[in-house]
Number of protein chains: 4
Amino acid sequence: MSGVWGNKLKISVFGESHSAAIGVVLDGVPAGTKLDLDAIKAQMARRAPNGGDFSTPRKEADEFELLCGVMDGVAEGTPICAVIKNTNVRSSDYAQLKDVMRPSHADYGYRMKYRANNDYRGGGASSGRLTAPLVFAGAVARQLLAQRGIDVVSHILSVGGVCDEHFGTQIDGSLAEALKGEILPVIDENVRERMKAEIAAARADGDSVGGRIECAVTGLPAGLGDPLFDSVESVLSSLLFSVPAVKGVEFGSGYGMTAKRGSEVNDCWYFDDDGNVRTRTNNNGGVLGGISTGMPIVFNVAIKPTASIFKEQDTVNVATGENVKLSLKGRHDPCIVVRALPVIEAAAALAIYQFVKD
Amino acid sequence: MSGVWGNKLKISVFGESHSAAIGVVLDGVPAGTKLDLDAIKAQMARRAPNGGDFSTPRKEADEFELLCGVMDGVAEGTPICAVIKNTNVRSSDYAQLKDVMRPSHADYGYRMKYRANNDYRGGGASSGRLTAPLVFAGAVARQLLAQRGIDVVSHILSVGGVCDEHFGTQIDGSLAEALKGEILPVIDENVRERMKAEIAAARADGDSVGGRIECAVTGLPAGLGDPLFDSVESVLSSLLFSVPAVKGVEFGSGYGMTAKRGSEVNDCWYFDDDGNVRTRTNNNGGVLGGISTGMPIVFNVAIKPTASIFKEQDTVNVATGENVKLSLKGRHDPCIVVRALPVIEAAAALAIYQFVKD
Amino acid sequence: MSGVWGNKLKISVFGESHSAAIGVVLDGVPAGTKLDLDAIKAQMARRAPNGGDFSTPRKEADEFELLCGVMDGVAEGTPICAVIKNTNVRSSDYAQLKDVMRPSHADYGYRMKYRANNDYRGGGASSGRLTAPLVFAGAVARQLLAQRGIDVVSHILSVGGVCDEHFGTQIDGSLAEALKGEILPVIDENVRERMKAEIAAARADGDSVGGRIECAVTGLPAGLGDPLFDSVESVLSSLLFSVPAVKGVEFGSGYGMTAKRGSEVNDCWYFDDDGNVRTRTNNNGGVLGGISTGMPIVFNVAIKPTASIFKEQDTVNVATGENVKLSLKGRHDPCIVVRALPVIEAAAALAIYQFVKD
Amino acid sequence: MSGVWGNKLKISVFGESHSAAIGVVLDGVPAGTKLDLDAIKAQMARRAPNGGDFSTPRKEADEFELLCGVMDGVAEGTPICAVIKNTNVRSSDYAQLKDVMRPSHADYGYRMKYRANNDYRGGGASSGRLTAPLVFAGAVARQLLAQRGIDVVSHILSVGGVCDEHFGTQIDGSLAEALKGEILPVIDENVRERMKAEIAAARADGDSVGGRIECAVTGLPAGLGDPLFDSVESVLSSLLFSVPAVKGVEFGSGYGMTAKRGSEVNDCWYFDDDGNVRTRTNNNGGVLGGISTGMPIVFNVAIKPTASIFKEQDTVNVATGENVKLSLKGRHDPCIVVRALPVIEAAAALAIYQFVKD
């Protein structure tokens, strides 16, 4: 099964890049929840291709229609279905790709899995476009979390070789608001222009570039999550790896801890001045033994360079059985990191919502 | 829910470090499967504390008893329950720890989650001991995979600052066998002694050290896995992050790709001499769009340094509300990487088995 | 969670009686399945209100639009979403019912569950209208079953006091075809007119009448289903009790066996002339110990009289806190049994499909 | 999957009639729950064969051992595993039955499903013995329900042709206590001796007899359950049909309503003297549209006559391919209804607990 996820809030995502529509069914939004539809639209807009500097020249409004489950902006408690029409599809761009497998794309695996019955145009169901319903669902989850004082915020940790600094042990509200207001949010303002330059350079070369997104969930009390199979890390990573182009996930200092001694990275507990139990450092990213510690949940994801590049590449034509050259055309993001950021936040919101108490 | 996982093969893990027993119920082993019980024991022995160089001085045989589901070594098709008695428990070692939270351990989160009703001795259900039932289940899954020509093999990619080389695009059978025969398996034989020295140094200092384990699943055909929520990466990472001390997971080149251009890391397809579709490189670790490509599934995990160290640490006594000093006693692994390796393989086998066709 | 069901084929149903649309997402239809859309439409038409003798005067075409997952009539393997617009809604009929609870309807429970946020018009999500997406899903499942030689057929076992005869131990193809061709299918042709008269009499009285539907699944091999929790009976009954107005389910002779001796009702095995293992009788309805026996799966459901009647009834106004009288207006089926029949078949097809082997 | 059930409280049942042990893992008992172990034992004793008038001459204490999850009688919050050793097995009784299929038993379906690898002795996993772990789990669920003022009570509605009266619209506490104190609980005391005589007569004839159990869940507030797939009826029936020998389930007046007019059986709402919303009748058994109405949940199950009888029966030997005669020996209940009653209550408690709020 590919399209159904969750327990407390269950989501069913459907659609392909060039189908009539894509969408999502949300089952479990509490009756009486006042939905801020403008806030949902704002999240959708962050992800939508806007033709701007960091994005594909393709523009899609990602306007959603609510088929059911909401009356006068209030959740009825029954499943909510949101549908987004696919309007701006140029299927002709993909005619050459029926049998030619794009490198580092899902084409070949899909073809084998679906025995060539899948809609290959625009990547079909493997398209990044399917993250739009995920952002819709995540925007709803964010609102449910906000009711409980839980916030999700993120920044671009790196683009190519240009790195921002990491979140500290505390993420204060003004930083959170500042990051939310930026298209390319960074903690160290000095790196923004260099990141833009890195993306522009990749675009100029007909190439692409990868990066990392660091995300924090603040306000989550200690004691949530489960040992073993439903650890906070398990549930989060499961959704994060559902986002196309994510190839790595680490919590807190993650890989950085592997070359260290325990005495260097253990997070030591202390009572702060208000009598709260906290840790001096947060190398474990707010999770120990699968359970939240009360510190911010901090993780980052590795986003590979956009697979679609305009340079000529070697590949195969599976119909003719020949090794061939491929030069992609069309409209592609030179760096998917910027548009992936709201998707990562959406995934985080959905994952964390599974753990909160009613 | 913490203890139930899976679909095609469903496992229920139970027990705590100092309970009467720990164990696992496996639901879904096909009727008629001839189980190689010696091979299961061998996997269990790889994980069990053996008092050797890399391990805690504590020795536990991890002998399992089969309560049901197996007759004359053959799976009946009904649930299999394996129970492992907890024999060598020294609860007195933990008397001081009822209210004192060990740094980087699950103690505090557990206490909050279970409102102090959990058995804190030996870490209770957060103990690494709970990986024994996981290894049992994984050992069964390995045998089911082997019937289909699928193998799981791994090596220690690093201990502290000492690094082994990565798996190549192909993992041949002789390498796989060599790795399986070693307690501290590495590809580059030259690093083994340096890794041992790194562990010995940490032990001598009353400290611990982290590392990485790289694992490969070979023989998996293209087209397995699901887009979106049940991607190969999602299912694998979900189980991997259930293993204590795992703080990061990356597939293929993972984080290494984030600083690269698409043209540098895209995996280009080609027909090999036998007409098989393959990629020249395997930066994506055998998964694209959540689906297997037919290349080896390659991932590695970040293992943090063992949280238990003998150096004095700052922490809190939650009963008295005071900041206190803690000096741990008892028996602990200076580097959990070596014993975590068979657990990672077990998790990989269980995760991959979800995807194979009957 | 209310709207998601299944494993091998997972369905998510959404919508309310008066929402913009209702629909269903089907996840798990095998790639390459040629869907007979006309056959699906025919099943939908059996359920849709047609204004005929046994039905509400309301007419709704129940035309579905496929948003994704199907290309040129062939399933792509990705989720299929079918949407049915709600066109013929007369919300004014329901204005009086906001606070007045209709007897034997879900109004009060819904109001309590959803804290009065649910759309009460037309019964909201409790409306029989939500069985339209179920019939769509069931029609797809039927086609998947037909590929394996499995058929689902049913007849009206009773309307009020008028009873048809039961299925025998074998249901031959000609009977199955005859039943499928009738709006009011019965085995004993003599009872059809009497059933019609029973319905007409109830309608004339502004009243309603109940009945029973007997359903058989033929062609299912022995050995399917699971002991304990996923018994054939468990999975079937779970879906059957999801159909509004179903208040009882029995397998084979069901309640009839409770007054009998074992020697009277035990199904004795024998080898038939072709060497097949069969039973002389089928009192167990083709299931023993939760597993199929190879005999037809036979069950029947109790359908209560339509709750909506035109006679004045006692009830409460929960806003005013008063006991009140209620006289329903609008358009209602005097006997829902006829239109429930294709829904029961759909539920049966969906349930049984969970058990078949690939 | 056969052995795992539930969501809020997840249970994994394992074992076979003649395996070393049977048992259950319960995942989800809230930390800090004080378990009344004596009350659990009392429930187990109701189900255990006691060699008395209504039972098999076989005696089994059904003593359970708690392997984990409970400390000093208090649930830790982690999974609880209870194991019951199989002590009193006379496997020789079953030697003749390897290839001879007992009429109305699961033997043949199991053999086909498990390709003859299952342990056929004592019915293996299809044995009624597997209801012991279910009763253990149900006894825990009962205690969790009792904390919320919810009670589960039942009586024998019929044995053969001898019928007790039905529950009324209210079940007062003194009736509940009286029923709980009886081995053969009935509302109308006059029928008890006649029921005993019915059972004794069947036993004397080497035959068996069926019956019905009516069960009520009191104290459940209105508004629990879900529309569609997780209706109260769906979840209850799914578990009830997991209990061996159950062949029918009806809620409230169930089948009795099918021959009636709506005006005769609609449950009319009224405000009682305390201002509570109630219904004059409870023909719907406390559930409308899948949701609880606040009236008692009332259902009854049809229990077929014990399949094991001592009269000679026709059947097949699947090894020789011959039609044969079978005369069963051993120890069997002439009427399983009496011992099934606590199992039905356990199933009800487990099912209802899924719906209650924390």
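Numbered from 1 within each chain, the chains take letters A, B, ... in sequence-line order.
At a 4.5 Å heavy-atom cutoff, the contact between Val13(D) and chain B is made by backbone atoms alone. Only the backbone of Ala75(D) comes within less than 4.5 Å of a heavy atom in chain B; its side chain stays farther off.
Residues Ala21(B) and Cys68(D) approach most closely at O-CB, 4.0 Å, considering heavy atoms. When all heavy atoms of Val4(B) and Val4(D) are compared, the pair lying nearest together is CG1-CG1, 4.1 Å.
For the set Asp72(B), Leu67(B), Ile22(B), the count of heavy-atom pairs under 4.5 angstrom toward chain D peaks at Leu67(B). Annotation: maximal heavy-atom pairing with chain B below 4.5 Å, among Ala125(D), Cys81(D), Gly124(D), Ser12(D), occurs at Cys81(D).
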Quiz item: Can you check side-chain contact (heavy atoms from CB on, under 4.5 Å) on Glu16(B) and Met71(D), steps first, answer last?
Solution: CA-CA 11 Å; Glu16(B) 302 122 47; Met71(D) 231 181 357; over 6 Å; no
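A donor-acceptor distance shorter than 3.5 angstrom exists from the side chain of Arg115(D) to the backbone of Ala31(B), with no hydrogens or angles considered.
Separation of atoms CD (Glu76(B)) and CG (Asn117(D)) is listed at 8.5 Å; rounding is to 0.5 Å.
Between Tyr114(B) and Thr78(D), some side-chain heavy-atom pair lies under the 4.5 Å cut-off.
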